[in-house]
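Worksheet: one structure, shown below.
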Amino acid sequence: MKIVIWGLTVSSSWGNGHATLWRGLIRSLTAQGHRVTFIEKDMPWYRDARDLRELPGGRLLIYDQWRDVLSHKRDLLDADAMIVTSYCADAIAATQLIEEAGRGVRVFYDLDTPVTLARLAAGEPVEYLPPDGLRSFDLVLSYTGGPALAALQRRLGARRVLPLYGHVDTDAHRPAPPQDIFRGDLSYLGTFADDRQNVLEQLFIEPAREAPTQRFVLGGSGYPADFPWQPNIFFMRHVAPADHPAFFCSSRLTLNVTRRDMAAMGWCPSGRLFEAAACGVPIVSDDWAGLDAFFTAGEEILLADRADEVLAALDLSDAELRRIAGAARARVMAEHSSAARAQELVALLEQASAPVPAIV
């Protein structure tokens with residue numbers, strides 16, 4: 001199958017979660033014999049932090065002006081599937097382009113569904129959505145499941161909506177030797193976001209304040225100078241994807257905090273959850289609807305909504321934490337790997353080639 005993707009970025013992992021997801025998915029698709037082209041606009045903030053310049057087994061097309069894309073028009077439209085994603089810099093132009101194709105499945109993949117729906121509800125413009133919504137697509141995929149699927153149909157006229165959840169490249173994320181620079185009792189890896197700051201303060205800052213002899217390690221970009229740092233919090237401004245396994249594996253426990261819109265919508269697992277689990281590291285997370293479809297609380301993941309529950313998790317024995325981590329890793333390897341998700345994507349694309357009755 002020949003697949004063409006217009007996306008935010010695969011070449012830079014700086015401050016976004018799209019890149020690592022696409023890298024794992026494309027690696028698996030090409031390993032399964034499919035041909036993939038990823039197209040992204042050469043944006044300055046990603047250009048200056050580019051950490052991938054070629055797609056092994058695939059094709060990376062980085063363009064400056066839209067006319068550069070049009071010079072490849074014939075080849076790009078000769079695809080079995082053409083996918084436009086949320087936050088694609090020229091999503092409207094890409095949508096108009098693929099409407100010209102005489103063949104192939106036309107797909108919109110919203111990797112940011114809670115944000116999309118929240119902005120629509122607030123009456124804000126959503127620059128990556130076509131003016132007539134998602135009616136022109138044969139298939140709409142959503143990173144978020146549950147009630148979000150019906151909302152995409154109701155609000156945007158999507159004809160066929162299905163979830164395509166996050167995943168992890170288990171070749172890139174696996175148990176690794178700890179490194180002193182990342183060593184800690186509790187780690188947290190994530191870009192700064194105002195909408196999860198309150199939860200981060202409750203589940204990371206407050207435990208650090210109450211356990212001054214323990215070491216807390218935070219990695220991610222965008223943290224402001226007035227962030228409530230504690231003496232026992234050690235900060236890495238950017239942790240490159242290649243260092244994620246060592247970062248996770250250097251702490252006894254790692255924290256997951258879900259963005260507010262994602263938590264409110266539910267059924268939206270962060271890629272970090274699967275990455276940490278694949279590395280064999282026990283996870284303590286905030287709770288949200290649908291989480292139990294991906295991990296079983298108490299068996300494969302620990303849940304907390306207060307600082308004392310995080311501290312209780314840190315007090316668990318090494319043996320108990322290893323048991324939980326092992327169960328989570330087994331679940332991810334079986335159900336949430338990039339290889340499994342690539343097979344799922346191909347099956348969805350094949351199904352979407354069947355005609356769908358028009359909505360009256």
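Along the sequence shown, the residues carry numbers beginning at 1.
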Ring geometry between F247 and F182 (parallel below 30°, tilted from 30 to 60°, perpendicular above 60°) = perpendicular
Tested for side-chain contact (heavy atoms from CB on, under 4.5 Å) against I3, the lone hit among L25, D80, L29, I26 is L29
Smallest heavy-atom separation, T144 atom then G266 atom, equals CG2-O, 3.2 Å
CD1 of I39 to NE2 of H72, rounded to nearest 0.5 Å, is 8.5 Å
**OP:** Answer yes or no: is there an ion pair linking D75 with K2, defined by an N-O contact shorter than 4.0 Å?
**Re:** yes
Here the pair of heavy atoms bringing A158 nearest to V140 is CB-CG2, 3.6 Å
Is it true that the side chains of H167 and S338 contain a donor and an acceptor less than 3.5 Å apart?
-> yes
Interatomic distance, CZ@R329 vs NE2@H173, rounded to 0.5 Å, equals 12.0 Å
Of T95, L156, I92, the one forming a side-chain contact (heavy atoms from CB on, under 4.5 Å) with L129 is L156
Practice prompt. Determine, for R160 against D138, whether the closest basic-nitrogen to carboxylate-oxygen distance falls under 4.0 angstrom.
Written response: no
Sorted by chain and number, sequence neighbours left out, side chain to side chain donor-acceptor pair (under 3.5 Å) with E127 holds for R119
Legend entry - N-O pairing of D169 and R27 below 4.0 Å: yes
query = Does a side-chain heavy-atom distance below 4.5 Å link D243 with M236?
reply = no
Rounded to the nearest 0.5 angstrom, the CG-CD distance for L77 and E99 is 11.5 Å
Across all chains, not counting sequence neighbours, the ring pair (Phe, Tyr, Trp, His ring centres under 6.0 Å) partners of F216 are F204
| field | Over 12 foreign heavy atoms within 6.0 Å of CG, L70 | value | yes
Indicate yes or no: does D42 engage R50 in a salt bridge with an N to O separation below 4.0 Å.
yes
Cluster membership besides W14, Ile/Leu/Val/Met/Phe/Trp/Tyr side chains within less than 4.5 angstrom, sorted by chain and number, is none
Residues passing the ring pair (Phe, Tyr, Trp, His ring centres under 6.0 Å) test with F248, sequence neighbours excluded, are none
With sequence neighbours left out, the residues meeting ring pair (Phe, Tyr, Trp, His ring centres under 6.0 Å) with W229 are F227, F235
When every non-hydrogen atom of Q202 is compared with those of A307, the smallest separation belongs to NE2-N, 3.1 Å
| said: Would you say Q179 and S250 are linked by a side-chain donor-acceptor pair, where the criterion is simply a distance under 3.5 Å? | reply: no
Original post:
Is the F274 to Y165 ring centre distance short of 6.0 Å?
Top reply: no
Partner of F295 under side-chain contact (heavy atoms from CB on, under 4.5 Å), picked from I324, L302, L303, I301, is I301
With sequence neighbours left out, the residues meeting side-chain contact (heavy atoms from CB on, under 4.5 Å) with S270 are N256, R272
Heavy atoms, side chains only, cut-off 4.5 Å: are M265 and T113 in contact? no
Charged N-O contact under 4.0 Å between D308 and R306 = yes
Just do the side chain to side chain donor-acceptor pair (under 3.5 Å) check on Y128 and D112 with the steps written out, would you? CA-CA 11 Å; Y128 47 83; D112 307 277; 5.3 Å; no
Does L117 reach the side chain of D261, with side-chain heavy atoms less than 4.5 Å apart? no
Side-chain contact test, heavy atoms from C-beta onward, threshold under 4.5 Å: evaluate it for D90 versus W6 and give yes or no.
no
